[in-house]
Number of protein chains: 2
Amino acid sequence: MDLRQMEYFVALAEENQFTRAAEITRVSQSGLSAAIKSLEDDLKAKLFIRTTRRVELTAAGHALFPHARNLLAEANAGRDAVAATTAEFAGALRVGAEQCLGSVNVPEIVERFHRRHREVEITFTQAGSGDLLKRMRGGDIDLAFVAGTSETTDPQLRLTGLDHVTLATEPLVLLTPPEDPLASQKSVAWNDLQDRTFIDLDSTWAIRVVTDEIFAKRRIPRRVAFTVGDIHALVDMINRGLGVAIVPQSVSRKTIAADLQTLSLEQRDPVWTVSAAYAHSERASHLTTEFLGLLEPR
Amino acid sequence: MDLRQMEYFVALAEENQFTRAAEITRVSQSGLSAAIKSLEDDLKAKLFIRTTRRVELTAAGHALFPHARNLLAEANAGRDAVAATTAEFAGALRVGAEQCLGSVNVPEIVERFHRRHREVEITFTQAGSGDLLKRMRGGDIDLAFVAGTSETTDPQLRLTGLDHVTLATEPLVLLTPPEDPLASQKSVAWNDLQDRTFIDLDSTWAIRVVTDEIFAKRRIPRRVAFTVGDIHALVDMINRGLGVAIVPQSVSRKTIAADLQTLSLEQRDPVWTVSAAYAHSERASHLTTEFLGLLEPR
DNA sequence: CAAGTTTACGATTTTCGTAACCATC
DNA sequence: GATGGTTACGAAAATCGTAAACTTG
């Protein structure tokens, strides 16, 4: 039983699939399989029931899960506590983030950064990517987590002239109510969506801008009947059967979307891309570097 | 950063010495040294200040310590939670333990056993070894953690006829107040103790029986002026300068004894030995096996 | 039969212990 | 100079990834 096994265990419990969990934890599928097996041998208990279709926690696995989470959280807290005694940072850091960042959990990093550097005055703003980038160009934000797609042409979403790094990419998917006529299919073509009623965020958010662009570019009319301000409200309205929505794949994996149907989109071209953009100001650059350092590694 | 490193780290932080911590964690001294070094490299912070005389936590080490403890506790809790779902134990287990068991922490195991097997009615009795063994022979206890020395002849403390396993051995030492005339020495001969005033437990406890035996066998008179019922009271009275005491080495390492002087005894022959004795009754044997399994391994 | 998991196996990396070396009281 | 920590290095073990075999819906 070690921390690496706990990471694998948590990822597998959350993804319910070896292949996806292996991608997230960045090992080969066989490596993940072997690690889980060795954990099960160690604990002398089966943790997952496997079929080729689904992987599910056993009672023993359910019992272990919260402890595994605590273990990982405690390990991070330990790292942070040590870093807090060594690191000598001061000043202020202004962070901004989009909604729908999927696999990139910015609030968690804000918390960890704050634990490490209590002297740094950190501020956090959730806003649309266009808005964030404008503020960054105006010098009002030091670090922005924004999203877009590979084919975005909207000038407000371009990262030209800014230092930035790509953090994650994932496909866009269609989210429908379970009783939707399309729900029996596994995938759908853009063209087949023109008669549907859509739910979407308002146009301050990147997912709306990007989706509008995609339909416009393909000259497909789209009817957005319901406009909401946050992604949970969006999923809630799909649950109520009011329409469908285009979202990044990670949204479809949230528990609130468990009952919904996820359809992949033919031509996977426009890929949802999450990036961090940062001003290379003298004042904040070492802080942004430290912040970004808390993201993936370890 | 892994759980093995945390074990090593905690052991070293508690022992303040590589050699002793390595014995406790059962690795070579060099292995421990390398593991701590790799942990420090990983966290990019020195955790200990080393001199050849003493090893002390740095600020970073102090920051990590509680998290390391939590990590180990959480790992055990995880193991227990899993075991609780698999194991099928029921019935009752009656455990007894001496005071002064040193490295063997019975209450902790009682707790873990209880977490694993809530259906088992566990009872715990703290009492002297002689008493416990009598009760065991009478069938009133299933498992007893007792102590004695290699040269014990007292029939009440003999384990003959009982299944038992040796759990730990350690030397006996002399504990004196810091201002004691002997305090400058590193060791002392039994013969030089005949004029001293002793503090000791009452004769229901093994440490008293054993010490009396040692002095009697060597025909050295001993004056026990203060008789107490528990080991903390004993150490407290030494702290007050009222006398000296023979105790197992592990007692001298407790924090309450931090200000006291520890002298090793010439001729290390009588070695303090902690054993677990158990009836091999049909009813309880699998429970005692499970209980003992929680001791050292993993 | 197709998507997904386990098994087999060789290569790489890590870990561990012995023994020699080095530092401090 | 004795106690105790680190370094060097070879042996052993664990980890990981590719590819083939297997399982299930």
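A note on names: the letters A, B, ... follow the listed sequences, proteins ahead of strands, and every chain is numbered from 1.
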Inset, instruction - Would you work out how much the helix from C:dC1-D:dG25 to C:dC25-D:dG1 bends between its ends, with each end axis defined by five base pairs, to 10 degrees? - result: 40°
Legend entry - Heavy-atom check, side chain of A:L263 versus side chain of A:L265, under 4.5 Å: no
Legend entry - Under 4.0 Å protein heavy-atom contact, by nucleotide of nucleotides 17-25 of chain C - B base, S sugar-phosphate only: BBB---BBB
Inset, instruction - Answer with base, sugar-phosphate or nothing: what part of the nucleic acid does B:R20 contact at a heavy-atom distance below 4.0 Å? - result: nothing
Inset, instruction - Determine whether the side chains of B:T25 and B:E7 contain a donor N or O and an acceptor N or O closer than 3.5 Å. - result: no
Legend entry - Over 12 foreign heavy atoms within 6.0 Å of CG, A:N105: yes
Inset, instruction - Please state how far atom CD in A:E56 lies from atom C1' in C:dT5, giving the value in whole angstrom units. - result: 16 Å
Inset, instruction - Among B:V235, B:V251, B:T176, find the one that has a side-chain contact (heavy atoms from CB on, under 4.5 Å) with B:L260. - result: B:V235
Inset, instruction - Only one of B:R69, B:R20, B:K254 passes salt bridge (charged side-chain N to carboxylate O under 4.0 Å, His left out) with B:E14; say which it is. - result: B:R69
Inset, instruction - State the CD1-CZ distance between B:I246 and B:R196, to the nearest 0.5 angstrom. - result: 10.5 Å
Inset, instruction - Run the salt-bridge test on A:R116 and A:E290 with the 4.0 Å N-O cut-off and return the result as yes or no. - result: yes
Inset, instruction - Calculate the interatomic distance between B:E7 atom CD and C:dC16 atom P; express it in whole Å. - result: 11 Å
Legend entry - ring-ring contact (aromatic ring centres under 6.0 Å, His included) partners of B:F215, counting only residues at least two apart: B:W190, B:F198
Inset, instruction - Please state how far atom CE in B:M1 lies from atom C1' in C:dT15, giving the value in whole angstrom units. - result: 19 Å
Legend entry - Heavy-atom contact window of chain B on DNA chain D, given 5' to 3' at under 4.0 Å: D:dG4 to D:dT7
Inset, instruction - Quick one: list whatever passes side chain to side chain donor-acceptor pair (under 3.5 Å) with A:T85, sequence neighbours left out. - result: none
Legend entry - Set of salt bridge (Lys or Arg N to Asp or Glu O under 4.0 Å) partners for A:R115, sequence neighbours left out: A:D80, A:E111
Legend entry - Distance, rounded to the nearest Å, where B:Y8 contributes OH and C:dT14 contributes C1': 13 Å
Inset, instruction - Using a strict cut-off of less than 4.0 Å between a Lys/Arg side-chain nitrogen and an Asp/Glu carboxylate oxygen, indicate whether B:E40 and B:R50 qualify as a salt bridge. - result: yes
Legend entry - Rounded distance (Å) that lies between atom C1' of C:dT6 and atom CD of A:E40: 12 Å
Inset, instruction - Could you state the atom-to-atom distance from NZ of B:K37 to C1' of C:dC16 in whole Å? - result: 17 Å
